[in-house]
Amino acid sequence: MKNYDHKKIEKKWQKEWEKSGIYKTPDEKRGAENFYTLVEFPYPSGNLHTGHWYAFSVPDIFARKKRMEGKNVLFPIGFDAFGLPAENAAIQRKINPKKWTYENIDYMRKQIKSMGASFDWTREVITADPEYYKWTQWIFLKLFKKGLAYQAETPVNWCPKDKTVLANEQVASGKCERCGTEVEQRQMKQWMLKITAYAEQLLSGLEKLNWKEEIKEAQRNWIGKSDGVLIKFSISNSQFSIEVFTTRPDTLFGATYMVLAPEHPLIKTLKNKIKNWAEVERYAKEAKKKTQLQRQKEEKDKTGVELKGIKVINPANKEEIPIWIADYVLGGYGTGAIMAVPAHDERDRAFAEKFKLPIVDRSLVDKDEIIKKVDGQKQTQYRLKDWVVSRQRYWGAPIPIIHCEKCGTQTVPEKDLPVLLPEIKDYKPRDDGKSPLAKAEKWVNVKCPKCGGDAERETDTLDTFVDSSWYFLRYCDPRNANAFAEKAKIKNWIPVDLYSGGVEHTTMHLLYSRFFYKAMYDCGLLALPLRGKLEDEPYQERRNRGIILGPDGQKMSKSKSNVINPDEYIAKFGADTVRMYLAFIGPYNEAGSYPWDPHGILGIKRFLDRVWVLAASKFFALNPQAGSDASQNLNAARTLHKTIKKVGKDIDEFKFNTAISALMILVNEIERNWKLEIGNWKLFLKLLAPFAPHLTEEIWEKLGNKNSIHLEAWPKYDQKLIEETTFELIIQINGKMRDKFEVPAGISEAEATGLTLSREKVKSILGNKKPSKIIFVPKRLINFVI
RNA sequence: GCCGGAGUGGUGAAAUGGCAGACACGCUCGACUUAAGAUCGAGUGCCGAAAGGCGUGAGAGUUCGAAUCUCUCCUCCGGCACCA
């Protein structure tokens, strides 16, 4: 039989594994070190796509190998079930978001199981379950009591299509990260989390993390730290002064004018003194109307209006300089005011040239002395803004707050948690900035927990990113009804040893959950120290995976009709082939992108068929000693042990592609020379087991084994066997390869030189020239310099 | 503009100071076959009949030796960006 019946085999073993519970992870296991490997849980969109396969089935290879190495591996999965897209889809189909979401979960769970991944399903977590979001609300209240959650009137990003506010992180180039609609700026009262209080820790924490530089750098850019100085400029003939933030106090002598952001509060204060008030007001209004995107488009084309009638004094030289308002200065950064130094700053120069303002080219002065002279205050600014977490949408965890006219903002008492999301008829979002929950009067009207009088519930729900900021902790103790997780159980697993996920979460989920973890730590919610490793960072190691493109090398999308449906390929070739093909397609530890090659997958299918043919031949079972030639047996064993070393190392480094190529080389050799004895064949099967769990399990059983191959120990290589007794000596002349021949491993330089010089080819190239220098590298090469 | 990553056959890619292109796809030829988009075998960087030469984005440098290290430049991808 040439092809194996993947449908039968894969179904059989998936059932069997579920029945025997071999992937169930105990909290602790005698003699086994705990190891937590995490993949980002999926959003229940309704269908598993190639990206999911790539995200789950490839790290499964790693999890399986760690388990075979004797680690007690936590490899959990769940669903990030609240959120906008599911809600939008449900509204479109005119069905209940809850129904839609949970039906999707049921379907996707089946699909995920068809991968044959070694997830422990008994730890499954669904963020939309009241048992889960009870604790999301509980943690929110802890943050509130610590002063890390607050409600404030601020300018926010409003998506007019999704009809909700968005966090800064959810706006990309001025557009809604979910639907691509241009966002508007609105002034609204919103719930925020004080992530800025952790800016410095989020930055410094990166130093000790074993993460790729590009991930750390993206977070650093996002946090955007800059060290500078606050300098006061007094307004002439007035008691007022204006503070500016600058990183270049050394250029203070060159400051020839000042610019305020159009929304700077002092503008209104000084209304009476401003002679051209009408003009100023008009400009400020227009600037306010512009979206982020418009401002960006107009970049470099500077606009502005002078505040006529007032001047400020440059504290360095006491000269009076004019004040302008211009939208190239941002209200939300620094003090919302700058000293403009056209001689040293490109933007200031462009502005000065347009409005004919003086450009004074002065030499720089000493930073520290000038700071002292003008009484400057050193200050650090961050680009990072507080995280807006309230959403004017139905499908999310209700914010557990009650508003009482008498007592103000009150927290829902712990005993009343969870605040259940009520069933309502109309889920549609509204234009007025209110959640659809506002219409659920019965639910909204409550008694104030403090005074017992009439009060109203907060009707906004929490951003989905809040739900996912702590899910990795819940996996440690997923069914606990009395705590989000027991401290002792957290201690078993946290920090996560290896977190694999998508690059798109670098400045969203990854940053948020680091913040959550640090904040929860400060609230005393975590047991520390944890496993003697990192104290205040949740993820020891993070690796970003790449993305799978369509066969045309473009991002998969329905409009380009280049979408690969993994289900089709599973039906055709089986899960083992699909997962192994994805592992083979390119290095997983680099965030590259790889086109799906419909032909390429055939290579893996052929490989697995060949393994099956080898196994089905019963050659190994019948010939425990395999070939009769001892030296051939030794060579085969040597290749095998080299492969053990290579595959083990490559899996650890997420270089699954080269691990598979090593396995292919081994199989090519077995087929050519046909000399593996049964013990060695079994070692090979164990190497293949994490990659093709179903196929290897079937062959393993056919060999008469009673226990699963996945419970076997990962093979150890024999170092002595790997060490070669001879090697191929490369002969270089002036660094160019000219010849090579087999020599004993321990050959001396003198012996090697003698043997090399006696070779015909070398003689003919050297002629009667004498080498001026000979470089001999043991076990590699000899180089003659002439 | 600042920062980070990357550029290697027709394609996905190996090799991180020592034989460039492992492994796989594709392609060519052959075998088996009624058949082949199945399977097996041989070949496959470029030029050349061969000997040989050339070749890792471009150019320089370091080195006995560079895809790999250094510098300059070009291109692509990503983060930030009128952030003072």
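Throughout, protein chains are lettered first and strands after them, A, B, ... in sequence-line order, and every chain is numbered starting at 1. Here the structure is a predicted model, which means the values were calculated and not measured.
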> Where the side chain of A:Lys736 is concerned, which of B:rC80, B:rC54, B:rC82 is the nearest nucleotide?
Replying inline: B:rC54
> Has the side chain of A:Asn783 got a donor or acceptor atom that lies under 3.5 Å from a matching backbone atom of A:Gly735?
Replying inline: yes
> Are A:Asn668 and B:rA24 close enough that a side-chain N or O sits under 4.0 Å from OP1 or OP2?
Replying inline: yes
>> Between B:rU16 and B:rU68, how many Å separate the two P atoms, rounded to a whole number?
In response: 13 Å
Protein-nucleotides 14-18 of chain B N/O pairs closer than 3.5 Å?
unit_1: B:rA14; atom_1: OP1; unit_2: A:Asn657; atom_2: ND2; d: 3.0
unit_1: B:rG18; atom_1: N2; unit_2: A:Gln732; atom_2: OE1; d: 3.0

> Would you call the rings of A:His505 and A:His509 parallel, tilted or perpendicular if under 30° counts as parallel and over 60° as perpendicular?
Replying inline: perpendicular
> From the list B:rG26, B:rA84, B:rC80, which nucleotide is the closest neighbour of the side chain of A:Arg383?
Replying inline: B:rC80
>> Using a 4.0 Å heavy-atom cut-off, does A:Phe245 contact any base of the nucleic acid, only the sugar-phosphate backbone, or nothing at all?
In response: base
>> Just so I know, are the side chains of A:Leu364 and A:Arg248 near enough to count as touching, which here means a heavy-atom distance under 4.5 Å?
In response: yes
> Are A:Arg545 and A:Tyr588 in a cation-pi setup, meaning NZ or CZ lies under 6.0 angstrom from the ring centre and within 45 degrees of the ring axis?
Replying inline: no
> Considering the options A:Ile601, A:Ile548, A:Ile604, A:Asp597, which one meets the side chain to side chain contact (heavy atoms under 4.5 Å, CB included) requirement together with A:Ile585?
Replying inline: A:Ile548
Check: residues 348-356 of chain A side-chain donor-acceptor pairs under 3.5 Å, at least two apart:
unit_1: A:Asp348; atom_1: OD1; unit_2: A:Tyr328; atom_2: OH; d: 2.8
unit_1: A:Asp348; atom_1: OD2; unit_2: A:Val341; atom_2: N; d: 2.9
unit_1: A:Lys354; atom_1: NZ; unit_2: A:Lys302; atom_2: O; d: 2.5

> Taking side chain as C-beta onward, heavy atoms only, is A:Ile644 less than 4.5 Å from A:Leu640?
Replying inline: yes
>> Within 45 degrees of the ring normal and closer than 6.0 Å to the centroid, is that where the cationic atom of A:Arg579 sits relative to A:Trp53?
In response: no
> Which of residues 576-585 of chain A sit near RNA chain B, with a heavy atom under 4.0 Å from it?
Replying inline: A:Phe584, A:Ile585
>> If the cut-off is 4.0 Å, is A:Tyr328 near the phosphate of B:rA84, judged by side-chain N/O to OP1 or OP2?
In response: no
> Restricting to pairs with a member in residues 729-739 of chain A, which pass side-chain hydrogen bond (donor to acceptor under 3.5 Å, both in side chains), not counting sequence neighbours?
Replying inline: A:Asp739-A:Arg759
>> Measure NZ/A:Lys770 against P/B:rC64 and give the value in whole Å, please.
In response: 22 Å
>> Rounded to whole Å, please give me the gap between NZ in A:Lys740 and P in B:rA20.
In response: 9 Å
>> At 4.0 Å (heavy atoms only), tell me whether A:Glu728 reaches a base, stays on the sugar-phosphate, or touches nothing.
In response: base
>> Please give the distance between the P atoms of B:rA67 and B:rC54 as a whole number of Å.
In response: 13 Å
> Taking NZ, NE, NH1 and NH2 as the nitrogens, is one of them in A:Glu504 or A:Arg178 under 4.0 Å from a carboxylate oxygen of the other?
Replying inline: no
>> Without decimals, in angstroms, what is the distance between A:Leu666 CG and B:rA24 C1'?
In response: 16 Å
> Donor-acceptor pair, A:Asn168 side chain versus A:Trp387 backbone, under 3.5 Å?
Replying inline: no
> In terms of side-chain heavy atoms of A:Ser226, which of B:rA84, B:rG26, B:rG79 is nearest?
Replying inline: B:rA84
>> Which is it for B:rG26, anti or syn, if anything within 90° of zero counts as syn?
In response: anti
Atom pairs, protein N/O to nucleotides 3-5 of chain B N/O, distance under 3.5 Å:
unit_1: B:rC3; atom_1: O2'; unit_2: A:Glu217; atom_2: OE2; d: 2.6

> Rounded to whole angstrom units, what separation is found between the CG atom of A:Asp345 and the C1' atom of B:rA81?
Replying inline: 13 Å
> Are A:Lys572 and A:Glu568 ion-paired here, with the side-chain N under 4.0 Å from a carboxylate O?
Replying inline: no
> Taking only Watson-Crick and G-U wobble pairs with both distances under 3.5 Å, what dot-bracket line describes RNA chain B, where [ ] shows pairs that cross earlier ones and | shows pairs with another strand?
Replying inline: (((((((..(((.....[....)))((((((.......))))))(((....)))..(((((..]....))))))))))))....
> Would you say A:Arg638's side chain and A:Glu724's backbone share a donor-acceptor pair under 3.5 angstrom?
Replying inline: no
>> If I take atom CG in residue A:Asp650 and atom C1' in nucleotide B:rC23, what distance separates them, rounded to the nearest angstrom?
In response: 12 Å
> Do the side-chain N and O atoms of A:Tyr333 and A:Ser226 include a donor-acceptor pair separated by under 3.5 angstrom?
Replying inline: yes
> What is the distance, rounded to the nearest whole Å, between atom NZ of A:Lys212 and atom C1' of B:rA6?
Replying inline: 11 Å
> Under 4.0 angstrom, heavy atoms only, what part of the nucleic acid is A:Arg738 near: base, sugar-phosphate, or nothing?
Replying inline: sugar-phosphate
>> Does B:rC40 have OP1 or OP2 under 4.0 Å away from a side-chain N or O of A:Arg606?
In response: no
> Once you round it to whole Å, what is the distance between P of B:rC64 and CZ of A:Phe784?
Replying inline: 17 Å
> Which is true for A:Gly600 with a 4.0 Å heavy-atom rule: it touches a base, it touches only sugar-phosphate, or it touches nothing?
Replying inline: sugar-phosphate
> In whole angstroms, how far is the P atom of B:rA84 from the CG atom of A:Asp227?
Replying inline: 11 Å
> Is a side-chain donor-acceptor pair under 3.5 Å present for A:Thr639 with A:Glu669?
Replying inline: yes
